[in-house]
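These notes concern the structure reproduced below.
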Amino acid sequence: MSTENHSLINDISPVFRPYVHNIYQDLQLGLCKTKVDLERIGGSANNAESQFRLVLPYCSKKLKWDIIFDASTPWFAPDFRFDDESFLSNADEEILVNGVPSLAKWNSSNPKSLGEVISELVAMYKIHQVKKLNEDESSRASFEYSALLGNALITEQDVEVWVGPHIVEFLIKLKVDTSRLPELYNEGTDQNPGIDTALLLIKYPNPTNAELILSPFLTKVLGNISLPMMHQTGVLMDYVPTVTEILNNKIQDLLNNDRLKRELLAQLIVKYEGAILEHDANSAAFLFEMNDFHWILQIDIAIQFPEKPPVLTLRSVYHCSKGKPKFKVLPGCSYSNFELYIEQQVEIFKNDCTESQSIFDVDHVE
Amino acid sequence: MAYTEKVSLNGTALSFLLYECMNSANCQEGFLIGDVTSQITNHINDSQNDSARLDTQIVIRTVLPLPSVSLFYLPTGTIKEDMLSELLASAASEVVGWYKYRKNSSIKPTFRDKLISKGLQKYFEKYHGRKTFVSCNLSSKTSSASSTHTLIYRFGKINCFDMYEYVEDVTANLGEKLTGYKKANRVSQHCIFNKIVKESNVQTNNTDEAILKIQEAVDVRLTREAKIAATNECSIRELEAEIKLMSTILADNQVADLEAAYKKIVEEKYINREVEMAQACIEALNTPTTVDILSVPNILISSISNNLSDSRGSMHVLENNFRKSPSPVLMQSSIKSPKLNYAAALKNNSDAASTSKSNYIEDLITFDVEENHQKPIVNNTPSPGGGVNFDTEDNYQKSILINDTPSGGSSPE
């Protein structure tokens, strides 16, 4: 999608390109602060497009707003076409001047103008949806919304409401503490482009199928989380804190496991300090010797430690098979009698290596 | 009473409108000039009531294109009334609608189009007593080889519910389905043709002469109008050239301003990034220096021995077996001494730039560093079967102490 965006941006007339660059690069909208996408409309073949479609994230939907500039009067503010007919359909001047001040006072020499207008319009759209929700005061969704906000745990900025013909959707940002997660994983921004957020999507009139939407990083970290079912009579104001707690507990567990892992590794490394060949945050390799037989022991500790025990691999320094050193993954890891266990396994390994007689021979190296 | 509203354009008006639009650069807007006539017709149907129907017809005679877009309104769609009255001058009383043309676009009205329509409706109602006002949206598309040109247009208005609704339009010979009797279009009583007829004072009994006389009068009038139109067209061309020149200058200025501002922002971003990187480096340098673990005299592990073996006895045996491997000699003593933040050193060696806060000590391992290794092994909580138990909670302290004094003979080297 991004190459298409780039080609579209290059097709837009250079007169308006700074505005488009700004919204494409800097504008981050929605609860998960995603970037916007651009689509082509019109279909003129020349390289001076002055209109395009903006795809914005909102709740679980994507809003498609057309933005139309006029090449003969480039200093004038752009025009918009919204996909929701009822939005701003009978706005009067005051509402617009107060709600979208960047449009009322369009500054044509500021590249950020368009971005500001879009942000303000999205805020107005949110207000419009909430107004639509509250039109029917007696509905369950309206009650849930006011109860949720009244709880003071979730603020207005954390909830996006979308009112459809027979459906009301809430997208709620959960207050999950991810501040310490980067200690565990550090993938870089191409695999995790957004802020780490966990969102809960609830649809009325059927709130039992709540959906948890996690950012890619959190999906990797937390894996599959099964949410408790929300009863038909359950209230959001109780359910949301429950889910938040589940996520926070899981993160805490992960951090604890990681701490254990690091401690284990550190202690192993310190204990066998002279023997260490290499180590990193997840594994360590040692060179040991017993009865004049040397071998390498590699300890790999997985993310799921301590549920999954560390994997021990013995590697021979003398023998190789198929061009690689002979190795054996040990069947288990015994926490007690560790050294005895290793000793026994090494004996077996030594016998395995010597009887298959592929002694490391310099002349026959492939 | 039922109520219908229709727009009717004659061929000349429509072609003039389309000509103006297609010859504009990108967008064009202007006003539609014509008359509104209403009549009440009685419909015959099966119900008992007399169903009278008020038919309003908006006849568009001609078009007043504006020289440039966005002259009479603000970005929020508010109408600039003084500009409007200036632009329209004497033609204001005959305006029945406005139009907006956009090349290569959909004819669905935009957010501002609707606001302008509403504003104009209010303006014309207020100042000129117009009850009906229509908007027209036009667009054109060209196929890739410029062989096919498609023109689309639609009329509409803002109704009393503030919603945009479409108004049907009727144009002679354009998609008309009726092939039977065509009713003559009703013309207003004050139209020019009627005036000419009155002025020529024809006697209706001699129809041949009457027709010729009227024809003459119409011809005279037409030539006169044509001359006026020719001179007007010349001045319009000159004015348009001037406007184009000024617009280009303004547009160029604006483009230059915008480009300059954008370049400045990009540069700033770049500089900021550099500054951020420099600051991060400085911060990294200021964090506590790593400790060379091998130069620290005694590193004692408090609980590892307990966790990795069941009893002291077996451990000693293993110790003997492992003696040849250069493991640290200091297996046998323990604890309760100034701390060494080994994990900090570990982390700086091995991990990529992690963002852990340095004062969050809880997950860092601290080991007791002690010179005297004669103390017995402290039995911490015995390990339950299968689980690894590290009991380093007691030894945490907030500060990092490094034991620099070299003691004799107990370095792992």
Side-chain angles (χ1 to χ4, degrees), chain A residues 15 18 21 42-45 50-51 68 70-77 79-82 88-91 93 96-97 100 103-104 106 108-111 180 182-183 186 255 258-260 262-264 266-267 270-275 279-281 288-290 306 335-340 343, chain B residues 25-27 68-70 75-76 78 102-105 108 110-112 114-115 141 144 162-163 247 250-251 254-255 257-259 261-262 265 299 301 304 307-310 314 318 321-322 324-328 342-343 346 350-356 363 365 367 383 386-388 390 392 412:
Chain A
V15 176
H21 268 302
S44 81
S50 53
Q51 52 186 350
I68 302 160
D70 184 2
S72 45
T73 50
W75 55 83
F76 201 68
D79 207 348
F80 300 91
R81 220 178 252 144
F82 303 116
L88 289 187
S89 60
N90 50 355
E93 187 188 349
L96 287 176
V97 168
V100 200
L103 186 63
W106 174 259
S108 58
S109 41
N110 179 7
R180 298 186 49 209
E183 295 167 6
N186 194 14
L255 289 171
D258 184 69
R259 184 167 60 111
L260 286 178
R262 284 174 189 256
E263 283 180 5
L264 173 59
Q267 297 200 0
V270 170
K271 173 171 182 180
Y272 300 118
E273 183 151 15
H279 69 83
D280 65 8
F288 287 134
E289 179 263 346
M290 187 173 80
Y335 290 121
S336 52
N337 288 328
F338 180 68
E339 292 176 359
L340 182 60
E343 253 184 76
Chain B
N26 277 306
C27 298
S68 161
V69 179
S70 67
T76 50
T78 333
R102 281 192 187 90
K103 211 172 244 187
N104 273 318
S105 171
K108 192 170 152 205
T110 66
F111 138 79
R112 196 154 63 211
K114 291 191 221 172
L115 291 171
K141 282 197 234 288
S144 55
D162 281 336
M163 297 291 285
S247 299
L250 266 175
Q254 196 263 333
V255 170
D257 282 342
L258 187 63
E259 279 287 328
Y262 180 65
I265 288 184
I299 301 167
I301 296 101
I304 188 170
N307 296 322
L308 295 182
S309 64
D310 262 341
S314 67
L318 291 173
N321 285 340
F322 274 56
K324 283 211 188 148
S325 74
S327 58
Y342 182 75
L346 238 193
S350 55
D351 297 349
S354 79
T355 57
S356 61
D363 64 337
I365 299 118
F367 295 108
S383 60
V388 181
F390 299 102
T392 47

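All chains are named by letter (A, B, ...) in the order of the sequence lines, taking the proteins before the strands, and each is independently numbered beginning at 1.
Summarising the geometry of Phe111(B) relative to Leu88(A), their closest heavy-atom pair is CE1-CD1, 3.6 Å, with the distance given to 0.1 Å. Residue Ser109(A) comes nearest to Leu258(B) through the heavy atom pair C-CD1, 3.9 Å, listed as atom of the first residue, atom of the second, then distance. Minimum interatomic distance between Asn26(B) and Ser72(A) (heavy atoms only, all atoms of both residues): ND2-N, 3.8 Å. Residues Trp75(A) and Ala251(B) come closest through the heavy atom pair CZ3-N, 3.7 Å.
Scored by the side-chain hydrogen bond (donor to acceptor under 3.5 Å, both in side chains) test, Asn110(A) finds no partners at all (sequence neighbours excluded). When the side-chain hydrogen bond (donor to acceptor under 3.5 Å, both in side chains) test is applied to Thr78(B), the partners found at least two apart in sequence or on another chain are Thr76(B).
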**OP:** Any chance you could lay out the side chain to side chain contact (heavy atoms under 4.5 Å, CB included) test for Asp257(B) and Ser108(A), step after step, and finish with the verdict?
**Re:** CA-CA 8 Å; Asp257(B) 282 342; Ser108(A) 58; over 6 Å; no

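Between atom CD1 of residue Ile265(B) and atom NE2 of residue His21(A) there is a gap of 12.5 Å, rounded to the nearest 0.5 Å. Between atom NZ of residue Lys114(B) and atom CZ of residue Arg81(A) there is a gap of 10.0 Å, rounded to the nearest 0.5 Å. Atom OG of Ser70(B) is separated from atom CG of Asp70(A) by 7.0 Å, given to the nearest 0.5 angstrom.
Between the side chain of Asp79(A) and the backbone N or O of Arg112(B), at least one donor-acceptor pair lies under 3.5 Å.
By number of non-hydrogen pairs under 4.5 angstrom with chain A, the leading residue of Lys103(B), Lys141(B), Arg102(B) is Arg102(B).
Counting only heavy atoms from C-beta outward, the side chains of Phe76(A) and Val69(B) never approach each other to under 4.5 Å.
Both the backbone and the side chain of Lys108(B) come within contact range of chain A, each with at least one heavy atom under 4.5 Å from a heavy atom of that chain.
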